[in-house]
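Data block below; observations after.
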Amino acid sequence: MKDTISEKATAGVHPRKSASAPGRSSSKGRAFWVSKLPPVSAFVVFIGGWELFCRLAGMKPYLLPKPSDIVRAASENAANLWVSVYTTMIESVLGFLISIVLGVGFAIILASSKLIEKSIYPYAIILQTIPIVAVAPIIVIWFGAGINAIVTIAFLIGFFPMLSNTLIGLNSADHNMKNLFYLYNASPLQTMFRLRIPAALPYIAAGLKISCTLAVIGAIVGEYIAGIGGGKGGLGYAITVAASRLQTAYLFACGLSASLLGIAFFLIVNGLSKWLLSSWHESEMNSSEG
């Protein structure tokens, strides 16, 4: 008798669960589209209004091109635009990777000793306050025009966010956990790599999100000053040439390509951050659940 009751009870429970699962998935999908609808609608209205305004006002393409002119210019110069995007992408990635290695490495060195931190960190702040345009000619003299100088400029712009965020994270480790490591006679290296660096991972991820977009800006700034011309020039060189020739539509296309490149870098780093932190850190756990 009891077995029959339990079978009926379980038979009545399982259909409810299976019926509620599609309801939850459909509600999540509906919430996703509801959250994406306002920005997409605003984008469509903006582009449509821009196109309509240019047509009604009779704007000259070299003053303010229509979105259709920008798309046409990008398609007509697709080969050159792709080469420029690829060149800038390589330079940005190289500068970004160097900023990660040196930024995290120097932060670990500074965090290992308060004396070293107080002695060197102020000079890192001073380095950040110097405009990169003022330092770029010196970099060109030292490294020569071309990819070496461009990567160095991209690295310098992305270096300080990695250094400062990592240092803040290393210094924010829980004092109770530090005392526990000290109680168990952990060495400074063990405390650094098993406690302080894992505790600093959310801060390192924040620095990565800032540095990846700044690396694209640094590469384009470097191409303005130290870029090579011809068919291997990056987006900075392409923008300079388009501006000098009053090719405003292609100028917009290059600028939008640089923006999309920065967005792509950010999305990749953001996905990596979620993959790294979503299983244990509250910030990414909340975002993944919401």
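- Contact check for L272 versus I268: no side-chain heavy atoms found under the 4.5 Å cut-off.
- The SG atom of C254 lies 11.5 Å from the OH atom of Y237; values are rounded to the nearest 0.5 Å.
- Rounding to the nearest 0.5 angstrom, the gap separating the CD1 atom in I108 from the CE atom in M192 is 6.5 Å.
- Using modelled atom types, one side-chain atom of T88 and one backbone atom of L235 make a donor-acceptor pair closer than 3.5 Å.
- The backbone N or O of V269 sits nowhere less than 3.5 Å from a side-chain atom of S273 that would complete a donor-acceptor pair.
- Note: I139 CD1 to F155 CZ = 9.5 Å, rounded to the nearest 0.5 Å.
- Between E51 and S68, the shortest heavy-atom distance links the atoms OE2-OG, 3.0 Å.
- Atom CD1 of residue I116 and atom NZ of residue K114 lie 12.0 Å apart, to the nearest 0.5 angstrom.
- Of all heavy-atom pairs spanning T166 and A200, the tightest one is O-CB, 4.2 Å.
- Checked by atom type and distance alone, the side chain of N270 never pairs as donor or acceptor with a backbone atom of F266 at under 3.5 Å.
- Counting heavy atoms from C-beta on, the side chains of K118 and L110 never come closer than 4.5 Å.
- E76 places no side-chain N or O within donor-acceptor distance of the main-chain N or O of A73, the cut-off being under 3.5 Å.
- Contact between C212 and F265 at its shortest, heavy atoms only, is O-CD1, 3.7 Å.
- Under the 4.5 Å side-chain criterion, counting only non-hydrogen atoms from C-beta, L81 is in contact with Y250.
- Residues L97 and V101 form no side-chain contact, since every pair of their non-hydrogen atoms from C-beta on lies 4.5 Å or further apart.
- Using the six-membered ring where Trp is involved, F106 and F159 have ring planes that are perpendicular, over 60° apart on the 30 and 60° scheme.
- Residues E117 and N171 approach most closely at OE2-ND2, 3.5 Å, considering heavy atoms.
- For the side chain to side chain contact (heavy atoms under 4.5 Å, CB included) criterion with F143, the lone passing option out of I150, V151, N148 is N148.
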Query raised in the report: Where do W50 and I70 land on the side chain to side chain contact (heavy atoms under 4.5 Å, CB included) test, with the steps shown first?
Result: CA-CA 12 Å; W50 182 0; I70 298 173; 3.7 Å; yes
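- Side-chain N or O atoms of S112 include one that pairs as donor or acceptor with a backbone N or O of I109 at under 3.5 Å.
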**Report entry** Stepwise side chain to side chain contact (heavy atoms under 4.5 Å, CB included) test for I217 and T213
**Finding:** CA-CA 7 Å; I217 298 174; T213 54; 5.6 Å; no
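- There is a path of hydrophobic side-chain contacts, each under 4.5 Å, that joins I130 to I120.
- No continuous path of ILVMFWY side-chain contacts below 4.5 Å connects I126 to I132, so the two sit in separate hydrophobic clusters.
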**Report entry** Trace of the side chain to side chain contact (heavy atoms under 4.5 Å, CB included) decision for L94 with I147
**Finding:** CA-CA 10 Å; L94 291 176; I147 189 169; 4.3 Å; yes
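- Contact check for C54 versus L64: side-chain heavy atoms found under the 4.5 Å cut-off.
- Taking CG of L183 as the start and CG of N176 as the end, the distance is 12.0 Å to the nearest 0.5 Å.
- Using a 4.5 Å heavy-atom threshold, the side chains of F252 and D69 count as separate.
- Taking all atoms of both residues into account, the shortest heavy-atom contact from A154 to G95 is CB-CA, 4.1 Å.
- L201 and F181 fall into different hydrophobic clusters, defined by Ile, Leu, Val, Met, Phe, Trp and Tyr side-chain heavy atoms under 4.5 Å apart, directly or through other members.
- One distance of note links CG of L170 with OH of Y203; it measures 10.5 Å at 0.5 Å rounding.
- S211 places no side-chain N or O within 3.5 Å of a backbone atom of G207 that could act as its donor or acceptor partner.
- Between Y62 and Q247, the closest side-chain pair of non-hydrogen atoms is not below 4.5 Å.
- Residues A136 and I225 approach most closely at CB-CD1, 3.3 Å, considering heavy atoms.
- Cluster annotation: I125 and I168 are assigned to distinct hydrophobic clusters (Ile/Leu/Val/Met/Phe/Trp/Tyr, side-chain heavy-atom contacts under 4.5 Å, transitive).
- By the 4.5 Å heavy-atom criterion applied to side chains, T248 and L63 are not counted as neighbours.
- Under the 4.5 Å side-chain heavy-atom criterion for ILVMFWY residues, no single connected hydrophobic cluster contains both L195 and I204.
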Report task. Might you work through the side chain to side chain contact (heavy atoms under 4.5 Å, CB included) test for S257 and W82, ending with a clear yes or no? Result -> CA-CA 9 Å; S257 299; W82 167 246; over 6 Å; no
